[in-house]
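All residue numbers in this chain count up from 1 along the given sequence.
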Amino acid sequence: MLIEETISRIRPVNREARERAWTRWDSIAKPLRSLGKLEEVVVQLAGIAGTDDVTLNKKGVVICCADNGIVEEGVTQTGQDVTAIVAENFLDGCTSVAIMAKQAGAPLFPMDLGMITDTRVERHKTLYGTRNFTKGPAMSREDAVQAVEAGIRKVAELKAAGYQILATGEMGIGNTTTSSAMTSVFLNVPPEEVTGRGAGLTSAGLEKKIQVIREGIAKNQPDPADPLDVLAKVGGLDIAGLTGVFLGCAAEGIPAVIDGFISGVAALTAVRLCPGVKEYLIASHVSNEPAGKLILDTLGLSPFLICNMCLGEGTGAVALFPLLDMALSVYRGMSTFDQIQVEAYQPLD
């Protein structure tokens, strides 16, 4: 199975390259470690790339699109037709993430993992939407596996095309419901603690959403020790595809930028499948969804940005790219203490 083969290829990042990157930072003519997380992320990038000669000349954004059968329970403000409309707008460059990604110099790669409508988006679907998980599993385990493997293959394709970092995004009406259900199972917390209003539910709508998640978990009894079981029973094809993207990035030696809550749940799923994935993850921001911080805390990651964002699509992940470019500009271009003939700072106790 491709998932098992991919996991077998995931290795720890290069410690020597990390140390050389720290040596380079400490030689630069500024107070030691004074750029904080900007220094840390460059060191992480060096470890992933296996060299302290770090560049990010080719960035991309993978967006997994799919529909969720749970929508028929009235847990969203809009209908499933919106998924396909927004997915095509990715191609036309007129969504939030498309505009932001163009500014950041990062092309979009939307994937249809399971929309109910066929569009111009590149098709990788195994189903035309998942099923209503209050009536049984959202999908079969085999369907979940195929969607994960589609994400893995996409990363391999982009690696071969020279991409050095990938941001992650999603589009799928109803996917805050699936993400909240998976979070509740993985972290063994009540649905009301990890469920938010999504794209704008009323208080009554939020209560309905929480009850639907509670019913779905009770009906399907997903096994928190089996990530694919959780994914298949109460998850979504978009989350499955993103899980594959995170696994693929780790196997191919590509840093993967987590977006918000839904992307974070996929990252958590990938880490549950293979803990080694964590070293390849970069948390862009903390989602304003109730479980946004909880997911990052569980992963042991801290975000770069706190912008109260909860749009999804990859907007938060793409917003990190300019910061990475600035960090690398300092790392690669600033003079050292030796070059300006100034005594170097020394570490303090």
Side-chain angles (χ1 to χ4, degrees), residues 61-92 94-98 108-151 153-154 168-182 198-201 205 208-209 212-213 215-216 219-220 228 230-245 259-263 265-266 269 311-314:
V61 188
V62 180
I63 306 176
C64 293
C65 309
D67 279 302
N68 299 282
I70 198 63
V71 166
E72 73 179 32
E73 293 296 320
V75 295
T76 64
Q77 192 180 67
T78 57
Q80 288 182 306
D81 57 315
V82 173
T83 303
I85 292 170
V86 176
E88 288 215 316
N89 285 342
F90 291 143
L91 299 177
D92 296 332
C94 53
T95 67
S96 298
V97 73
L108 302 185
F109 298 97
M111 302 172 63
D112 177 1
L113 275 302
M115 292 190 290
I116 60 172
T117 306
D118 289 329
T119 67
R120 292 176 287 127
V121 173
E122 187 177 276
R123 199 175 306 170
H124 299 264
K125 73 175 79 192
T126 57
L127 292 173
Y128 281 84
T130 55
R131 294 177 285 275
N132 181 341
F133 65 58
T134 64
K135 300 176 180 178
M139 62 187 120
S140 70
R141 189 182 185 92
E142 292 71 25
D143 290 327
V145 166
Q146 287 183 46
V148 172
E149 291 181 345
R153 291 190 184 96
K154 188 63 181 179
T168 55
E170 40 60 42
M171 180 61 215
I173 299 302
N175 60 11
T176 59
T177 302
T178 54
S179 298
S180 296
M182 291 183 66
L201 289 176
K208 169 71 170 176
K209 183 176 179 180
V212 164
I213 292 170
E215 290 173 6
K219 173 76 174 179
N220 293 291
L228 292 175
V230 178
L231 191 52
K233 287 180 175 175
V234 296
L237 291 159
D238 47 357
I239 300 173
L242 285 175
T243 299
V245 170
D259 183 35
F261 174 44
I262 298 153
S263 172
V265 171
T269 308
L311 174 60
E313 299 181 6

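Counting heavy atoms from C-beta outward, Val230 and Thr269 have side chains that stay 4.5 Å or more apart. Side-chain contact between Val82 and Gln77: absent, with no pair of heavy atoms (C-beta onward) separated by less than 4.5 Å. Side-chain contact check for Leu231 versus Met182: some heavy-atom pair is nearer than 4.5 Å. Two residues are said to be in side-chain contact when any heavy atoms from C-beta on lie closer than 4.5 Å; Arg153 and His124 fail this criterion. Using a 4.5 Å heavy-atom cutoff, the side chains of Leu91 and Val121 are in contact.
Heavy-atom minimum distance, Glu88 versus Arg120: OE2-N, 2.9 Å. The heavy-atom pair separating Lys208 from Gly74 by the smallest distance is CG-O, 4.2 Å. The two residues Asp238 and Gly172 have their closest heavy-atom pair at OD2-CA, 4.1 Å. Here the shortest heavy-atom pairing between Thr126 and Leu237 reads OG1-CD2, 3.6 Å.
Asp112 places no side-chain N or O within donor-acceptor distance of the main-chain N or O of Arg123, the cut-off being under 3.5 Å. In this structure, Thr178 contributes its side chain and Asn175 its backbone to a donor-acceptor pair below 3.5 Å.
Listed by chain and number, the residues in a side chain to side chain donor-acceptor pair (under 3.5 Å) with Arg141 are Asp226 (sequence neighbours excluded). Listed by chain and number, the residues in a side chain to side chain donor-acceptor pair (under 3.5 Å) with Asp118 are Lys125, Tyr128 (sequence neighbours excluded). With sequence neighbours left out, Ala138 forms a side-chain contact (heavy atoms from CB on, under 4.5 Å) with Thr130, Phe133. Residues that satisfy the side chain to side chain donor-acceptor pair (under 3.5 Å) test with Glu313, not counting sequence neighbours, are absent from this structure. Every residue meeting the side chain to side chain donor-acceptor pair (under 3.5 Å) condition with Thr176, not counting sequence neighbours, appears here in chain and number order: Lys209.
Rounded to the nearest 0.5 Å, atoms CD1 (Ile262) and CG (Leu242) are 9.0 Å apart. The distance from atom CG of Leu113 to atom CD of Gln146, rounded to the nearest 0.5 Å, is 11.0 Å.
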Which pairs would a plain distance check flag for residues 61-73, meaning a side-chain donor or acceptor within less than 3.5 Å of a matching protein atom at least two apart in sequence or in another chain?
from	atom 1	to	atom 2	distance (Å)
Asp67	OD1	Thr83	OG1	2.7
Asp67	OD2	Ile116	N	2.8
Asn68	ND2	Ile173	O	3.2
Glu72	OE2	Asn132	ND2	2.7
Glu72	OE2	Lys135	NZ	2.8
Glu73	OE2	Asn132	ND2	2.6
Glu73	OE2	Thr134	OG1	3.4

